[in-house]
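Below you'll find the structure, written out as structure tokens, and then a few comments.
Quick note: residue numbers are just sequence positions, from 1.
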Amino acid sequence: MVTQLVAGRVYEYSRSVGRGGAGLGFSIAVSSAVGKDDRVYVLSRGSEAVSNVPWNRTGRGSRVGILTIGNEVDDEEFVSEFGKYGDGGGEFIWPAGLALDSKENIYVTDEWLNRISIFDRDGKILKMWGTEGQGDGEMQGPSGIAIDPEDNIFIVDSRNHRVQKFSSDGTFLSKWGTFGSEEGCFDSPWGITIDNDGYVYVADHKNHRVEKFTADGEFVSMFGSFGTGRGQLKFPSDVAVDPDGEVYVCDWSNNRVQLFDPNGKFITSFVGDAQGLTKWSKMIVNAAPETLKRRREVRSMEPEWRFALPRGVTFDPEKGRLLVSDTHRNRLQIYNKLKDYSEPQRNL
């Protein structure tokens, strides 16, 4: 395990989960959500093409996978999956965001269909709502989604450059934001989260920053600037906040996740540490001797360890762990945030 100590914080790399393909795998994993009983829901976007390609006609593209992920390495099991490519009930074309309400119903945004699909925890479709447009309650490219403890729904209306707030049944409540780079404005926002105090954080994708608001849309603060340096961002795609108020930003085009303190001060970066194959990938590789040979011939496996355009970040407060949707590696990478960690005494 890789252990990272920085500014009084300790993170331990746990493992990666998943692989490309159907069944046990993901296909362009873009978002995840943590439920009860070790359940984790992973949204796969599948092919980016809007077409009836065979990959999507089989239902192996756009879908939600349900698995359990325990505390120990290899303690994960596939439960089921639901959804497929299409515009019918329970189907997706460009799914983008995933969130759970207090009953563990599953909400999925679709950027192409401009709608929200709601499923029960086992994947049964319950309802759908959403209309394309620029008016109140209408959407153009809904992406990130977050749900507060009262089951109010906050949706990033990306191409309308705003956030909209809805009740649990889809009734429009409020909105804020407009196109621009000033405080409280957006340029193609993408990810969203809500902290324990009810503040809303938005990954302002093309402004290369994160903005913080009250639940009513009042601007509070922002941090980040365009670049590749420490604390700089390049097209951030998602954001998560842990119980300590620390902020994890999925720095999409920089292939990393950056950690900031509650005041927006840069702390450290995560770049991916998957030095071993996932449980399910090992099953495939070990069954293919020629694949094993080819892997041994590679000069360095380090590129495989690292994130490849990671799309989503989720913090599991119960288990104190960060889940990164390592999108183009078709897996989750997991880091544990350790408490009461003590370094060995080195002067003995």
Side-chain angles (χ1 to χ4, degrees), residues 1-4 6 9-20 25-35 38-45 64-65 67 69-71 73 76 96-99 143-144 146 190-193 201 203 205 210 224 233-244 246-260 266-281 302-338:
M1 298 301 169
V2 178
T3 303
Q4 190 166 324
V6 58
R9 299 157 179 86
V10 182
Y11 289 87
E12 176 187 74
Y13 179 77
S14 173
R15 81 268 207 188
S16 57
V17 176
R19 65 173 176 81
F26 310 137
S27 177
I28 316 297
V30 295
S31 184
S32 67
V34 177
D38 289 341
R39 274 197 170 201
V40 175
Y41 303 85
V42 181
L43 177 63
S44 288
R45 189 169 178 126
V64 175
L67 51 154
I69 303 178
N71 295 325
V73 174
E76 57 257 9
L98 176 73
S143 52
W190 210 347
I192 189 170
T193 195
Y201 296 72
H205 187 64
V210 170
L233 302 170
K234 196 173 179 183
F235 302 106
S237 58
D238 201 10
V239 58
V241 181
D242 70 21
D244 298 320
E246 296 183 333
V247 186
Y248 305 81
V249 182
C250 195
D251 192 5
W252 179 72
S253 192
N254 281 326
N255 295 303
R256 64 189 179 187
V257 172
Q258 297 208 66
L259 173 62
F260 299 83
F266 171 78
I267 300 172
T268 191
S269 295
F270 305 91
V271 296
D273 292 284
Q275 297 184 25
L277 292 172
T278 70
K279 173 183 175 180
W280 300 325
S281 292
E302 184 170 353
E304 185 180 84
W305 307 350
R306 307 309 182 197
F307 297 137
L309 296 175
R311 167 61 178 81
V313 285
T314 302
F315 196 88
D316 179 352
E318 182 177 337
K319 294 185 178 295
R321 61 189 184 185
L322 176 70
L323 287 72
V324 181
S325 298
D326 192 3
T327 304
H328 287 272
R329 302 278 190 213
N330 297 306
R331 64 192 177 189
L332 301 179
Q333 291 205 47
I334 302 173
Y335 291 83
N336 296 325
K337 185 178 185 181
L338 303 184

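- The heavy-atom pair separating G18 from S281 by the smallest distance is O-OG, 3.6 Å.
- For the atom pair CG of D238 and OG of S143, the computed distance is 9.5 Å after rounding to the nearest 0.5 Å.
- Among all heavy-atom pairs drawn from R15 and N71, the shortest one is NH1-O, 3.7 Å.
- A salt bridge links K337 with D244: the distance from a Lys NZ or Arg NE/NH1/NH2 to an Asp or Glu carboxylate oxygen falls below 4.0 Å.
- Separating the CZ atom in F266 from the CG atom in L233 is a distance of 10.0 Å, to the nearest 0.5 Å.
- At least one donor-acceptor pair under 3.5 Å links the side chain of T327 to the backbone N or O of A29.
- Expressed to the nearest 0.5 Å, how far CZ of F26 lies from CG of L67 amounts to 5.0 Å.
- Every side-chain contact (heavy atoms from CB on, under 4.5 Å) that E304 has, sequence neighbours left out, goes to L277, R295, M301, R331.
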### Task
Determine, step by step, whether V249 and Y201 satisfy the side chain to side chain contact (heavy atoms under 4.5 Å, CB included) criterion, reporting the C-alpha distance in whole Å, the side-chain angles of both residues, the deciding distance to 0.1 Å, and the verdict.
CA-CA 10 Å; V249 182; Y201 296 72; over 6 Å; no
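- Distance check: Q4 CD to D273 CG gives 7.5 Å after rounding to the nearest 0.5 Å.
- Taking 4.5 Å as the limit, some side-chain heavy atom of E246 sits within range of a side-chain heavy atom of L259.
- The two residues A274 and Q333 come nearest to each other via the heavy atoms N-OE1, 3.3 Å.
- Between S32 and L332, the shortest heavy-atom distance links the atoms CB-CD2, 4.4 Å.
- The minimum heavy-atom distance between S14 and N336, with the atom names listed, is CB-ND2, 3.7 Å.
- Checked against ring-ring contact (aromatic ring centres under 6.0 Å, His included), F260 has the following partners two or more places apart in sequence or in another chain: F223.
- With sequence neighbours excluded, the residues forming a side-chain contact (heavy atoms from CB on, under 4.5 Å) with S237 are W190, C250, W252, R311, listed by chain and number.
- Judged purely by atom type and a 3.5 angstrom limit, N330 uses its side chain to pair as donor or acceptor with the backbone of I28.
- Taking 4.5 Å as the limit, every side-chain heavy atom of D38 sits out of range of all side-chain heavy atoms of I69.
- A donor-acceptor pair under 3.5 Å links the side-chain atoms of R329 to the main chain of R306, judged by distance alone.
- Judged as a side-chain contact (heavy atoms from CB on, under 4.5 Å), and not counting sequence neighbours, the contacts of E318 are D316.
- Residues S16 and I334 are not in side-chain contact: their nearest non-hydrogen atoms beyond the backbone lie 4.5 Å or more apart.
- The backbone N or O of P236 sits nowhere less than 3.5 Å from a side-chain atom of D251 that would complete a donor-acceptor pair.
- With hydrogens and angles disregarded, no donor-acceptor distance shorter than 3.5 Å links the side chain of T193 to the backbone of A240.
- Looking at every heavy atom in both residues, V324 comes nearest to V313 through CG2-CG1, 4.3 Å.
- For residues 308-337, the set of pairs meeting the ring-ring contact (aromatic ring centres under 6.0 Å, His included) definition, not counting sequence neighbours, comprises Y13-Y335, Y248-F315, F270-Y335.
- Looking at residues two or more places apart in sequence or on another chain, you find a side-chain contact (heavy atoms from CB on, under 4.5 Å) between R39 and Y41, I66, T68, V79, E104, R121, D122.
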